[in-house]
Amino acid sequence: MKLLTYIFEDNEARLGFLHNNLVIDMEDFGEASNFPLPSSMLELIDMGRELIPELAEMIAETPTEFWNELGMKLHDVTLLAPIPTPRKNIIGIGLNYTEHVAESARTLDTSNELPQKPIIFSKPPTAVTGPNTAIIHNEQLTQQLDWEVELAVIIGKKGKFVSKEKAMDHVFGYTIINDISARDCRRSGQWIVSKGQDTFAPMGPFLVTYDELTNPNDVNLKLTLNGIEKQNGNTRFMLFDIPALIEDLSIVFTLEPGDIIATGTPAGVGAGRTPQEWMHDGDEVVCEVEQIGVLKNTVKRLEL
């Protein structure tokens, strides 16, 4: 199932899902099905991942005429980030692809040795922005605005000390994140100023539930800048796959429903190129992850 958060005709943000290329409002579907359903993504996640097969069964039993009556065309709604305001910081994983480790070591002050444990950082909720929005470039803070396409994991079940074997039972679904980075804003090895500026976490366009993306450790992901391909990789080349990440993170802190894990980026970032490349005002950056969709944003200079 592809879930989405949307606005229709300038009303408040709503939760919906795609069916036959139509947007169906989740709360309205619940009313029609005599099964109360929420109007926000976090509320749905709080209901538990066990709800997903029930929803799939309800959808399969719904008459065709219902969809035509209730559905909206996708181009008639404005998509927001699937989780527009996360409850907590997004959990980022650094240097999780071998070739990205190598390119970072060449041009940044990172080690050329493969990490023995996941490298963890975070991005605040205010970094989130949705599809077709602007990535704000504050030129007083950075001259080195970079891109990173990533598969993001959405947690659906609380867990502490979760084993690899049980890790996938804690996943609600997946989305795309562009982990925007200001390479010249790192401070003594700390990354949050580089990673956490407003709009530095474009997310979307959909949240794909765990039952639809059955093998997240083998999906293609790519990124283009102004139509030119910059990144092209596959999650099977992650140093730490999703079960390993969940196990490690849950040792450090309790994972809770709605938590977001950005799993790292493959090679091809601007900092790793010769000469280095950066994003500028008016650039269009497009992320694509197999089975999820396309996330498109433009860069806009902050006018001070």
Side-chain angles (χ1 to χ4, degrees), residues 1-19 21-26 39-42 71-86 90 123-138 145-152 154 173-182 195-208 213 219-231 260 262 265 269-270 278-303:
M1 184 183 305
K2 284 186 175 178
L3 303 170
L4 55 98
T5 299
Y6 74 96
I7 293 175
F8 181 64
E9 295 181 344
D10 297 324
N11 291 324
E12 75 231 7
R14 302 281 296 176
L15 172 65
F17 62 93
L18 279 186
H19 184 76
N21 294 317
L22 293 174
V23 176
I24 310 298
D25 186 88
M26 185 67 76
S39 60
S40 77
M41 191 74 74
L42 286 173
M72 298 164 280
K73 294 181 179 178
L74 187 58
H75 61 71
D76 287 337
V77 306
T78 299
L79 292 180
L80 306 179
I83 303 177
T85 307
I90 294 168
K123 300 169 85 81
T126 46
V128 172
T129 189
N132 305 309
T133 60
I135 298 164
I136 303 301
H137 182 190
N138 184 346
L145 194 65
D146 208 346
W147 57 82
E148 293 189 10
V149 60
E150 307 198 6
L151 174 70
I154 314 300
Y174 308 89
T175 190
I176 304 170
I177 281 183
N178 190 348
D179 176 16
I180 303 299
S181 305
K195 301 281 194 175
Q197 297 177 35
D198 291 354
T199 73
F200 274 26
M203 183 195 303
F206 309 114
L207 190 163
V208 175
L213 205 168
V219 294
N220 295 319
L221 59 171
K222 67 179 182 179
L223 179 146
T224 63
L225 182 67
N226 300 324
I228 300 172
E229 186 176 285
K230 300 296 181 182
Q231 291 182 279
I260 303 167
T265 197
V269 300
W278 313 115
M279 295 189 293
H280 302 282
D281 186 55
D283 285 349
E284 180 183 78
V285 58
V286 179
C287 300
E288 183 174 354
V289 175
E290 183 182 7
Q291 301 181 59
I292 297 179
V294 174
L295 172 65
K296 183 185 299 183
N297 297 90
T298 54
V299 177
K300 183 178 180 181
R301 180 190 303 112
L302 178 63
E303 301 292 344

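Worth knowing before you read on, the calculation uses all heavy atoms, side chains too, and leaves out hydrogens, waters and symmetry mates.
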For the pair N21 and L74, evaluate side-chain contact (heavy atoms from CB on, under 4.5 Å) and give the outcome as yes or no after the intermediate values.
CA-CA 7 Å; N21 294 317; L74 187 58; over 6 Å; no
Walk me through whether D283 and T298 qualify under side-chain contact (heavy atoms from CB on, under 4.5 Å).
CA-CA 6 Å; D283 285 349; T298 54; over 6 Å; no
side-chain contact (heavy atoms from CB on, under 4.5 Å), that's the test. Do T199 and T133 meet it? Break it down for me.
CA-CA 9 Å; T199 73; T133 60; over 6 Å; no
Candidate pair V269 and Q231, rule side-chain contact (heavy atoms from CB on, under 4.5 Å), full reasoning:
CA-CA 7 Å; V269 300; Q231 291 182 279; 3.9 Å; yes
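Y174 and L213 get closest at one heavy-atom pair: CE1-O, 3.8 Å. Taking every heavy atom of both residues into account, P131 and L79 meet most closely at CD-O, 3.7 Å. Closest non-hydrogen pair, N226 versus G282, comes out as OD1-O, 4.5 Å. Pairing each heavy atom of F200 with each of I136, the nearest pair is CE1-O, 3.6 Å. Considering all non-hydrogen atoms of both residues, P86 and I260 come closest at CG-CD1, 3.8 Å. Taking every heavy atom of both residues into account, F17 and L3 meet most closely at CB-CD2, 3.9 Å.
If you take CE on M41 and CG on L4, they are separated by 6.5 Å, rounding to the nearest 0.5 Å. Taken from OG in S40 to CZ in R14, the straight-line distance is 10.0 Å, to the nearest 0.5 Å. Remark: I180 CD1 to H137 NE2 distance equals 11.0 Å, nearest 0.5 Å. Atoms CD1 and OG1, on I83 and T5 in that order, are 7.5 Å from each other to the nearest 0.5 Å. Rounding to the nearest 0.5 Å places CD of E150 at 4.5 Å from CG of D179. Note that CD of Q291 is 12.5 Å distant from CG of L221, once rounded to the nearest 0.5 Å.
Judged by distance alone, the side chain of N178 and the main-chain N or O of E148 form a donor-acceptor pair under 3.5 Å. With D146 contributing its side chain and G270 its backbone, the two residues share a donor-acceptor pair below 3.5 Å. No donor-acceptor distance shorter than 3.5 angstrom exists from the side chain of K195 to the backbone of K123, with no hydrogens or angles considered. Side chain of T265 to main chain of V149: a donor-acceptor pair is present (N/O by atom type, distance under 3.5 Å, no hydrogens or angles). Here the side chain of D281 pairs a donor or acceptor atom with the backbone of R301 at under 3.5 angstrom.
More than 12 heavy-atom neighbours from other residues, nucleotides or ligands sit within 6.0 angstrom of CG on N11.
Looking at heavy atoms from C-beta onward, V128 lies out of side-chain contact with T85 at the 4.5 angstrom threshold.
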